[in-house]
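What you see is a predicted model, and the numbers here were worked out from it, not measured in a lab.
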Amino acid sequence: MLDKKRARLLFASLVVTFVATRIALHLAPDSDFNVGAYNIHHLFTGLLLITFCGIPLVLFKHASRVLDVLTIGFGAGLALALDEWVYLIATDGTNASYLLPVSFWGGVVLVGLAALYVLALYLFNRR
């Protein structure tokens, strides 16, 4: 049985995270997160959020505020990861390339498909 509240939280966190990330990195394109000599793209941060938040969501079924927060974290992580997927495959991975149309539209398509998938499951379950 679909948890409609969590479906709405997941949908909103996907869209809001994508929009906020794109705006922030458009305004400050050279704001890198570096650990030593390594540049940590938000795809990797997203994967950590997906892992940290997704595992309890699969294992625990009861309704709780903690699981609602984990749903938001999962959606945010998924948006971060999907936003960079096309960018890291189709470009050289530089900050300037992140602002290219292929990166933007790749993020729009992938995050949009994930959001549409959530919406489709939500609407299908309403019957």
A.B. asks: Whether R6 engages the ring of Y122 as a cation-pi pair (distance to the six-membered ring centre under 6.0 angstrom, angle to the ring normal within 45°) should be assessed.
C.D. replies: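 No.
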
A.B. asks: What distance separates H42 NE2 from F33 CZ, expressed to the nearest 0.5 Å?
C.D. replies: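 Those atoms lie 13.5 Å apart.
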
A.B. asks: Please round to the nearest 0.5 Å and tell me the distance separating atom NE2 of H41 and atom CG of L47.
C.D. replies: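 One gets 12.5 Å once the value is rounded to the nearest 0.5 Å.
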
A.B. asks: To the nearest 0.5 Å, what is the distance between CZ (F74) and CG (L9)?
C.D. replies: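 Here the rounded value is 13.5 Å.
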
A.B. asks: Distance from S13 atom OG to D68 atom CG, nearest 0.5 Å?
C.D. replies: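 Output value for this atom pair is 11.0 Å.
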
A.B. asks: Rounded to the nearest 0.5 Å, what separation is found between the CZ atom of F104 and the CZ atom of F18?
C.D. replies: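 If I round to the nearest 0.5 Å, the distance is 5.0 Å.
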
A.B. asks: Looking at every heavy atom in both A7 and L2, which two are closest together, and how far apart are they?
C.D. replies: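 Heavy-atom minimum between the residues: CB-CD2, 4.3 Å.
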
A.B. asks: What heavy-atom pair brings L49 and G73 nearest, and what distance separates the two atoms?
C.D. replies: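 That closest heavy-atom pairing would be CB-O, 3.8 Å.
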
A.B. asks: For a quick test of reading the model, state the closest non-hydrogen atom pair linking P56 to C53 and the distance between them.
C.D. replies: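 Minimum heavy-atom contact is CD-O, 3.4 Å.
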
A.B. asks: Parallel, tilted or perpendicular: which one describes the rings of F60 and H62, with boundaries at 30° and 60°?
C.D. replies: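 Judged by the thresholds at 30° and 60°, the geometry between F60 and H62 is tilted.
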
A.B. asks: Report whether L82 and I50 are members of the same hydrophobic cluster (ILVMFWY, side-chain heavy atoms less than 4.5 Å apart, transitive linking).
C.D. replies: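 L82 clusters together with I50.
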
A.B. asks: Please say yes or no: joined through hydrophobic side-chain contacts below 4.5 Å, possibly via intermediate residues, are Y117 and L113 part of one cluster?
C.D. replies: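 Y117 and L113: separate clusters.
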
A.B. asks: Look at the side-chain heavy atoms of Ile, Leu, Val, Met, Phe, Trp and Tyr, link any pair under 4.5 Å apart, and say whether L116 and L10 land in one connected group.
C.D. replies: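 Looking at the clustering, L10 is in the same group as L116.
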
A.B. asks: Taking the side chain from Y87 and the backbone from G93, do they hold a donor-acceptor pair closer than 3.5 Å?
C.D. replies: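 Present.
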
A.B. asks: How long is the gap from CG on D83 to CG on L25, to the nearest 0.5 Å?
C.D. replies: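 Rounded to the nearest 0.5 Å, the CG-CG separation comes out at 8.0 Å.
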
A.B. asks: Please say yes or no: joined through hydrophobic side-chain contacts below 4.5 Å, possibly via intermediate residues, are L67 and V118 part of one cluster?
C.D. replies: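 Yes, L67 and V118 fall within the same hydrophobic cluster.
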
A.B. asks: Decide yes or no on side-chain contact (heavy atoms from CB on, under 4.5 Å) for I23 and V19, but give the supporting numbers first.
C.D. replies: CA-CA 6 Å; I23 289 171; V19 170; 3.7 Å; yes

A.B. asks: Which atom names give the shortest non-hydrogen contact between T94 and D92, and what distance separates them?
C.D. replies: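 So the two residues come closest at OG1-OD1, 2.9 Å.
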
A.B. asks: So, R8 and T71: side-chain donor and acceptor under 3.5 Å apart, yes or no?
C.D. replies: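 There is no such pair (donor and acceptor under 3.5 Å, judged by atom type) between the side chains of R8 and T71.
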
A.B. asks: For the pair D32 (side chain) and N34 (backbone), establish whether a donor and an acceptor sit closer than 3.5 Å, ignoring hydrogens and angles.
C.D. replies: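 Absent.
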
A.B. asks: Same cluster or not: V111 versus W105, using hydrophobic residues (I, L, V, M, F, W, Y) connected whenever any side-chain heavy atoms lie under 4.5 Å apart?
C.D. replies: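 Same hydrophobic cluster.
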
